[in-house]
Each structure stands twice: as structure tokens, then as C-alpha cells.
Amino acid sequence: MTETTTKKRQDRFDPTIEAHWRDFWAREGIFTAGRRPGAPSRYILEMFPYPSGDLHVGHLKNYVIGDVLTRYYAIRGYDVLHPFGWDAFGLPAENAAIKAKRHPREWTYTNIAESKKSLGIAGIMYDWTREVTTCAPDYYRWNQWLFQLLYKKGLAYRAKSLVNWDPVDQTVLANEQVDSAGRSWRSGAIVEKRELEQWFFKITDYAERLLNDLDTLTEWPERVKTMQRNWIGKSEGAEVHFSTSAGDLTVFTTRPDTLWGATFMVLAPEHPLVAALTATEHKANVTACLAAARMKSEIDRTSTVKEKTGVFIGSYATNPVNGEQIPIWIADYVLMGYGTGAIMAVPAHDERDFAFARQFGLEIRVVVQPEGAQLDGATMIEWWTGDGVLVNSGPLDGIPAGKGEGQSVKAAIAWLEAQGRGKGAITYRLHDWLISRQRYWGTPIPMIHRADGTIVPVPDDQLPVVLPDISDFLPRGRSPLAAAEDWVSVADPETGEPARRDTDTMDTFVCSSWYFLRFTDAQNDREIFSKESSGTWMPVDQYIGGIEHAILHLLYARFITKVLYDEGLVPADEPFRALFTQGMVQRRVRIALETPAEGIVQFPEELRRKIELPAEAVSIDAARTALKPHGYTLEQDGATWEAVSGPVTMSKSAGNGVPVGPFVRQYGSDVARTVVLFAAPPENSMEWTDEGVAGAQRFLNRLVALFRPDSEAIADAGARYAATGARLPTDGMSPSERNLYRRLHVTIKKVTQDTEAFRFNTAIASMMELLNDLYRYRTDAGLATPVFGIVAQCYARLLAPFTPHLAEELYSWFGGEGTIYDAGWPIWDEAALIEDEIEVVLQVNSRVRGKINVPVQANEEELRTWALSNERVQREIEGKQIRRVIVVVGKLVNIVV
RNA sequence: GCCGGAGUGGCGGAAUGGCAGACGCGUCGGUCUCAAAAACCGAUGAGGGCAACUUCAUGUGGGUUCGACUCCCACCUUCGGCACCA
């Protein structure tokens, strides 16, 4: 190697240093929890992934954020728990394995090994002694234990009901896993409704607590809390019983006070009393309507919002308040899944009932009259809502409408309760959690079906029920486990008679609803985790993940934590004290176009498939026009033309992922981390670009180029740093030294505060500013000085959360021993932030008309005098009358004329 | 339709009542080089002026204030969530 290349290498950030430090951290156990017994603790956790194999830099963002916090708290002297695991069971893993034509187990473990390697070379440090893998028997054994705990507590039950069936994935799904368009969250297929007997977790028992405790989660994004509130969907009102020929018909209403205005009733088509209440002469109509409703998908049922369909079924119900006979209809705007599946219709005071009544010519009776107006149903054009007083309502006449004390709703409930025709009631939109899955790759449900039809738990000493290793695991509408006859046949644990195992597996979200608890005691083979361990670490201090889990995972995890809290196993009844939802990493997709001739391009097959484009070769202009509506632009790169998309989320399917391995080898993980952290605030999505990479690289190169040549001199300052922290006596410093010293403390403060507030982009920006100052200072001062030495020592420490490899490298150059994470975080000195002289802005009529430098202690009177005697200001105010002078000490003087 | 967030240079973004555009990218000019790259130095919101300087400018319109990106009201756009929930 020649001298020049050696020198060049020295002056640049060298990614080959990284491996050494990663080995060092792992060997020394720097990020193993419990390293600092007695120190304050922090539990930092990123949502664990399902093992997809090769990681790209987009996956990294989530982990980098957790790693930054882990290292920040480590260097501050905390005992940090930062564990990792694999959400290895479930549909995503199983479907991918099927597609790859491999056994899910083999596929999963291969991917885990690959992903783990990527995380390793990215320098994300975890306490791997606590790694959990949900598809391992030593994990799902406790998943089965948890199921049985819920069963014992009456929170797991088996019931026959109308459930969501995914025809593509061939399994049932929980409500949370079906989107508003009626599609599976995973397969995207329109779900069908099937009547099946399935296992449920009784999450509705916890609805009130899940709702109320959201208020205690002050460090959760408001957005996520709102989504959970909407999902739980609490409504307060009353149940009212109407009598019919087939017995009592109960409805739920939030407005029992409008009962006197109920002029008909509507049942959901699936309502159990429909058959009994259908009069013979209406049977044909009703059957047709039911058939039509069943044919409609969820989308159809919700897309025709305004247009109501329904039929009269030939029966009447008695309105309990006045004995009136009101007709009973069925219509699919009434949903079986909410309330009681039946409503009393009050067309004058409900928009939907109004539309229905207008369509079918039913009576509209006004029972709430606004002051000064005369509403009547016949002429009411717009459905009306608002305040008023009750009319035509017997004992409630004259009472003001409203939910408060002394208002109509409370009065109506009191009346119903006194008459025995109803009571106050609360309804939630949240339903019990359907956890059975007719799929292979999951935790077997640890229950046994006895010959007499009863169901008993597998005795604890027979857990785990190990997932059998079968080769024919493809989904086929019932669990593939049912075909494993040897496994299914089992002796009744009490009588020894032949019995059969439950052949369904559990929803993978059960696995992920408590993994953060297992991390506190991952190797415990006697219990799910010890009380002491969960007591040490829970709740998770900072949870980091994507917004896509706002309802699913986060709601389930809160539920299970509350159940375990009630059991006395966990000290906290909320699992995640603070939640951070990070934005996506995006990148443009670049597709090279074929150029059969000069000025002519042809779209390649992959692009034509994605968007409708002509197959034949076209001119550059025509290509540009064709691409534009699809969000692509045409760019020239040398001789080749490329179609370039807008930024889209990095993914395997979009083909725009930057693989971690090759990138880190070429540039270093510190560069990747800087790109991700600096480009945008972490909650925003960010675009990964070559220019961004170059910028990050430039920053690290400049650091190395500045510090490396002076590292010996800086090392001398190390002893001083150790003795005094970041502080130096400022007496005798030159102005430029004093200024640099002040800038150091400004930076320490900013980086500290920004890091704690997740403003990593501005933290890094302030370090860049300090670096620019250092370059300027070096030009001024020429050589290494005690101030420069202290700044460099602190700088290495400030880098430790963000670019850890370089930070350790600098630390060792600067004479540091052991790890920088034991070296302490710099503490800023408020006194050092104060400038001797500050610039004060002079304004005339709020417009900047000059600036003066004044001593920082200058008082109001002095500032006023200086401002008014300023030449520039005098010119401006000449001949004008001064009306007012506003002086803001340390900032500005504004003269109003 | 309802609820919530956001709107700032060519771009990502800073600034939460006091000099709008920190930091970075890009672009332009320069130094070095046979040349290029890299690196370094300088410029860079728009308009006007030879210049000192000046006008306009944070989605739109209004308001509060000596002073508004920042606070208040209305609207527009956009992103996200919910959506026949009785």
C-alpha cells in the first residue's frame, strides 16, 4: 500500500472497523441485561418481527430507534433490557413457507438464522440470552398454559356463532383481522360468514378497563388511543323489551327518551326471532330478502348507505309505553353484530330510521320539539338533530331532551325500570376474540374432547402438546392436524377412555400478546415467568413499532396483561408505558427501459404487467406521457432511459429494498444508521436516496479527518475529562476558545433533550453544527488545545447512541479504556451556555432596521438608550413621533412611531 | 358524513409569540488536477437596485398583538382513522 492511499484511508470513515466492535460488545456482554445491578432500569422493546429472511434497510429503522435508546440509556448508566425474538407461528410464516414449497419449521428457522445475521452486522445490540421463538415448544408450552389459565378463569369459552371465514387462507379470523371493506387483513380475500363452533377469549369482560385505562397512557400517540376507543365503541343507553307473539323482543337504544316516537321495529335479517315472527303470507317475501342479504358481501351492505332495503314480516310488537301495535320489519341496515340485532325505529329523530320510513311510507312522529320551531314528520325534509323539549311522550312531556341530570334520557330509564320494561345498559362494539384457526402452523389448543362430548384441559404435567411433524399441512377448510390420527387419539386424562385432541391451533396474536413478559425471564422452565422478573422490568418503558398494530396486537397485549395482572403475576396492568410509532422507509423504483433505436424506448415486461402500457416501442415523449398518470417519470442515466416511480415503501414485492448485508459491508452500519436517523423525524416516512447516503458518509468522513490527526493530543484531554466531566475553567480562554466551549455545551444540551424526545434528526443536525464550528475553530486556532481536546472527548460520547462503532473507535483513539458505554454521558453546564456579548435586533415599526452587539447583562434602560442613539434607527425615526418602545431584554428593541 | 394530524425554498426538514428557512441534499461559482472524481472554499427563497439597501414571502381569507409559521375564527387542500353502531 502506498503512503498516499494509507493516508487517504486514515482520513475517511472505514467500515471495516465495525466488526471488531460488534465482537467486542458481544464478548463483553455490554448489552446484556443485569450488567449493572442496582442501577435504574429501562426496558426498551421493538415489536418483534415474523422471520422473513434477508433484511433490507427499511426493516432496520424500527430496530435502529430501539438501539439508539438502548445505547443512550446504557451510556447514562442505566441497566437496560433490550431483548429480541421471533413471531414465528402463524399465517404469514406458513403461507410464505407453502409458497416456497418448504416445511414451515425449516423455512422459519432458516429465516431466523438469516435475519439474526443481518441484525448482527447492522450493529443492533440485543441481549440474545433472552431470545424467544414462539414456534419453539419451550415458548408455546406457556401459550398453552395461558390458554388454560383463561379457561379456568372463565375467560376462554367455546361457542357456536357466525364467524368470519377466509376462503383463501381457509380459516376463521377474528373481527380485528377483517378490515372495513370486509377483507382479510392478511390474504385480502372477502370473508364469508359461517356458523361454526370455535374458541373465544372473553375480551369483552375487559372492555371498560381497556377503554378507561387509555387515559392513563399519556405517552401513547393520541391517534392510536383514538383508534382503540373507536374499536371498543362504547355506547350508553337502555335495553327496552317489546312484547310480540313470539315472546319479548329486546332492543338497545341510546335514546330511550324517544320511545314514544317509535313507530315500527326493525330486525337484522339474521335475528333468531325472524322465523317465528314471519306471518305465512309474508314468507315468500322474507325468504327472498334473507337470500339477498346473505348474497351481499359486507361491502355491498355498507356501500349503499342511503338506499334502504327491507320487508315487513307480518307481525307487530307492542310498544311498552303506550300499548300501540307497531309493525316489525327486517332490513340489513340493522346489524346482528351490534346491540341486540333489533332496533326500535324513531324516524323523526334518527337519520337512518327517517330514510327508511320515507322509503316505505311509515309514520314519522315528532317527540322532541325544538324551541320556537314546529317540526312535523310530514314536512320535515332534512333529518333534524338538536335540543328541544319532549312532546307526545306521556309522563315525559315537557322534560328537556338530553343525557344530563333531570333530562329526558335519565327520566326515560327511570320510567322503564319502574315499569319493569327495560333498564339502563351499555353496549360495546368490541366482540370476544375468536382465537381458533384451522391451520397447521400454530400452538395446538391444549384441550381434549371426551367421548361424552364434554371438553377438558390437557393436564398440566402433559404440556406442552407438541405440534406434530406432519408433511401434509396444506389448509383444506378444517385443521390439517385432524388428519394426524396418532396425534389426535388420546386417552381421556380422567377415565383413560379413548378421546380426541382439539385439532385447531391458536391465533398467532395470542403468542404475541405476552412475549414481552417472557423476555423478563425467558429461560424459566418452571413457570411462564417469575413474579420477581416481571416486577423488575415491567412495564416496558418504551415500545416501538408500526401503526398497523394500533388495534390488533396492542389491544390483545393490553388485555392479556390485565388478565395476568389480576392473577397477581405482573405488577403493571398496562404493558407499555410509552409507545412510539415510526414511519416507513421508502425508495423510488427505477426500471431501465429497452432502447431498440436512438430516441425510441420499449417498456420491459415487468413494467407493462404492473401498469397498462403499450408493448411496442415508442418515442421518448410518448413514453413520458404514458408513464405520467402512473406516477412514473422518465430519467436519463448515461445512455439508458429509466422509468422512475415516486417513493414507495421498501418491500420485497416492490423490489426496492436495499439489502442490509452488502450495504453495511460497503458503507458501514453507522452510515446506514445516520441516513435513517437524519433524513426526517422518526415518526415521518423517509425516502432512502443515494444522495442521503453520500451526505451521511461525508459527515462521518469529516469527523474522522478532523479528529484522527490530533488523536494523541486529544487523548491528553481524556484525563481532564474523566476528572471534571465536560467542564473547564473559562478564565484565560481566547474568545474563539470560549465560543467553542460554549457551543459544546449548547450541543450537549440539545443532543440530550432531542434524544429523549425522539428528535434524532435535529440531534444529529446539532452535532453537524458543532463539527462545522470545530473546522472553523481549527482554522482560527490552528492546533489542538485543551478546549479542542474536551470537545473531542465529549463528541465521541455524544455519537455513542447514533454511530456506535465510530464512537467506540474515537474513544479508543482518544485513550479510552474498555467501552465508551461505561464512560458516562457528558453533562452540560448552564453557566457555560451564557454568552458575554449578544446580538440584539433593532426594529422600527416591527421591521428589522439594525442589529447591535451588547453585553449580555445589558438592562432595559441601557438597551433603550443604545437603540435610540443608533445611527440607522435615528435615520428611520427622524421627524416622526415615538409612540412606544418595546424592549425585550436579550432579544430586541422595537420602536413604534 | 364524523374524528384526528399535516400544509414552510428545487427537495428532506428547522424555528411554538421576537432576525423565517438551522442542518443536510441539490444547484451554481471557485481552488486543486492533464482531466475527472473526491476533498476544500464561497453563493443559493422570489422580485427590484451599480450600491448601501429594499419590497414580497410559511395553503387561503379574516382577527388578536408593538410583533404571528407559532394564538383565535372561517375556509381550501391533503394524509390517516372510523363509518347504516341504533
Side-chain angles (χ1 to χ4, degrees), chain A residues 8 11-12 179-181 221-231 233-235 237-238 240 251-256 258 262 265-266 268 301-308 331-335 337-346 349-353 355-356 427-429 547 550-551 647 674-675 678-681 683-687 689-699 701-702 705 750 759 761-772 775 779 839-851 872 883-888 890-897:
Chain A
K8 200 174 168 192
D11 289 348
R12 294 176 63 87
D179 70 16
S180 58
E222 210 47 55
R223 191 154 71 113
V224 173
K225 290 194 279 184
T226 305
M227 284 163 73
Q228 292 212 357
R229 279 190 197 103
N230 286 341
W231 185 261
K234 180 180 179 176
S235 287
V240 185
V251 302
F252 173 77
T253 175
T254 55
R255 293 296 304 272
T258 61
M265 296 192 73
V266 188
R301 274 181 77 156
T302 53
S303 64
T304 54
V305 173
K306 288 286 169 257
E307 208 177 298
K308 299 276 183 277
D332 58 12
Y333 82 91
V334 175
L335 309 172
Y338 184 77
T340 62
I343 62 159
M344 62 178 210
V346 185
H349 303 289
D350 180 277
E351 195 172 11
R352 294 148 304 168
D353 297 346
F356 195 83
T427 291
Y428 299 93
R429 289 167 60 194
I547 188 78
I551 294 172
T674 306
V675 173
F678 178 66
E683 66 274 20
N684 288 15
S685 63
M686 59 143 307
E687 188 186 344
T689 62
D690 292 348
E691 289 77 14
V693 171
Q697 215 178 1
R698 208 168 290 148
F699 170 51
N701 286 342
R702 274 164 61 81
K750 176 103 176 118
R759 292 191 296 251
N761 57 327
T762 51
I764 292 173
S766 70
M767 287 192 276
M768 288 174 170
E769 283 184 71
L770 183 60
L771 183 62
N772 292 341
Y775 268 89
T779 317
E839 196 179 66
V840 166
V841 173
L842 305 179
Q843 296 182 333
V844 177
N845 285 343
S846 306
R847 286 178 179 280
V848 179
R849 285 294 181 262
K851 291 163 191 179
R872 182 73 212 291
R883 301 171 67 97
R884 215 176 141 183
V885 179
I886 293 118
V887 180
V888 182
K891 290 230 166 104
L892 59 75
V893 180
N894 186 12
I895 298 153
V896 186
V897 295

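Numbered from 1 within each chain, the chains take letters A, B, ... in sequence-line order. FYI, side chains are in, hydrogens and waters are out, and symmetry mates aren't considered; it's all heavy atoms of this structure.
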With heavy atoms under 4.0 Å as the rule, sort A:Asn772 into base, sugar-phosphate or nothing. sugar-phosphate
Could you tell me how far B:A52 sits from B:U78 if I compare only their C1' atoms? Round to whole Å. 45 Å
Letter per nucleotide, 5' to 3', of nucleotides 40-53 of chain B [B base touched, S only sugar-phosphate touched, - untouched; heavy atoms, 4.0 Å]: S------------S
Calculate, to the nearest 0.5 Å, the distance between atoms CD1 and CZ belonging to A:Ile764 and A:Phe699 respectively. 7.0 Å
Nearest heavy-atom neighbours spanning A:Pro647 and A:Glu687: CG-OE1, 3.6 Å
Should stems be defined as at least three consecutive Watson-Crick or G-U pairs with both distances under 3.5 angstrom, which of them involve RNA chain B? B:1-7 with B:76-82, B:10-12 with B:23-25, B:26-31 with B:39-44, B:45-48 with B:53-56, B:59-63 with B:71-75
What is the distance, to the nearest angstrom, from the CG atom on A:Leu842 to the C1' atom on B:C66? 15 Å
Can you identify which nucleotide, out of B:U54, B:G26, B:A86, has its nearest atom closest to the A:Arg849 side chain? B:U54
A:Lys851 has a side chain; which of B:C82, B:C19, B:C25 sits nearest to it? B:C19
A:Arg12 side chain to A:Asn701 backbone, donor-acceptor under 3.5 Å: no
One character per nucleotide, please: for nucleotides 3-18 of chain B, 5' to 3', B when the base has a protein heavy atom closer than 4.0 Å, S when only the sugar-phosphate does, - otherwise. ---------SSS---B
Sticking with atom P, work out how far B:G42 lies from B:G24, rounded to a whole angstrom. 12 Å
Smallest separation among heavy atoms of A:Met344 and A:Val251, with atom names: N-CG1, 3.8 Å
When the C1' atoms of B:C79 and B:U65 are considered, how many whole Å apart are they? 33 Å
Contact check, side chains of A:Leu892 and A:Gln843, non-hydrogen atoms, under 4.5 Å: yes
So, are A:Arg229 and A:Glu222 salt-bridged, with charged N and O less than 4.0 Å apart? yes
Rounding to a whole Å, what distance do you find between A:Asp11:CG and B:A38:P? 17 Å
Determine the Euclidean distance between corresponding P atoms of B:G59 and B:G10; express it in Å to zero decimal places. 14 Å
I'd like to know if the side chain of A:Gln228 and the backbone of A:Ala550 have a donor-acceptor N/O pair within less than 3.5 Å. yes
B:A83 and B:A74, which share atom name C1', separated by this distance in whole Å: 26 Å
Determine the minimum heavy-atom distance between A:Tyr333 and A:Val266, stating which atoms define it. OH-CG2, 3.8 Å
B:G1 C1' sits how many Å from A:Asp350 CG, rounded? 14 Å
Can you name the closest pair of heavy atoms from A:Val334 and A:Ala268 and give their distance? O-CB, 3.3 Å
Between A:Asn845 and A:Ile764, just flag the one whose closest nucleotide in RNA chain B comes earlier from the 5' side. A:Ile764
For the residue pair A:Phe252 and A:Gly339, what are the closest heavy atoms and their distance? CB-CA, 4.3 Å
Syn or anti for B:G9, taking syn as within 90° of 0? syn
Would you classify A:Arg847 as touching base, sugar-phosphate or nothing, given that sugar-phosphate means primed atoms plus P, OP1 and OP2, and contacts are heavy atoms under 4.0 Å? sugar-phosphate
A:Met768 vs A:Gly341, nearer the 5' end of RNA chain B by closest nucleotide: A:Met768
P atom, B:U27 versus B:A37: distance in rounded Å? 11 Å
Mind checking if A:Val896 touches a base, just sugar-phosphate, or nothing, with heavy atoms under 4.0 Å? sugar-phosphate
Could you walk me through whether A:Asn894 and A:Val885 pass side-chain contact (heavy atoms from CB on, under 4.5 Å), step by step? CA-CA 6 Å; A:Asn894 186 12; A:Val885 179; over 6 Å; no
C1' spacing across the pair B:G12 / B:C66, given as an integer number of angstrom: 36 Å
When rounded to whole Å, the CD1 to C1' distance for the pair A:Ile895 and B:C66 reads 11 Å
Are A:Asn772 and A:Arg702 close enough, and set up right, to give a side-chain hydrogen bond (donor to acceptor under 3.5 Å, both in side chains), and what steps lead you there? CA-CA 9 Å; A:Asn772 292 341; A:Arg702 274 164 61 81; 2.7 Å; yes
Using a 4.0 Å heavy-atom cut-off across all strands, classify A:Gly233 as base, sugar-phosphate, or nothing. nothing
Could you give the distance separating B:C25 and B:A35 at their C1' atoms, to the nearest angstrom? 27 Å
Tell me whether A:Thr762 contacts the main-chain N or O of A:Ala765 through its side chain, where contact means a donor paired with an acceptor under 3.5 Å. no
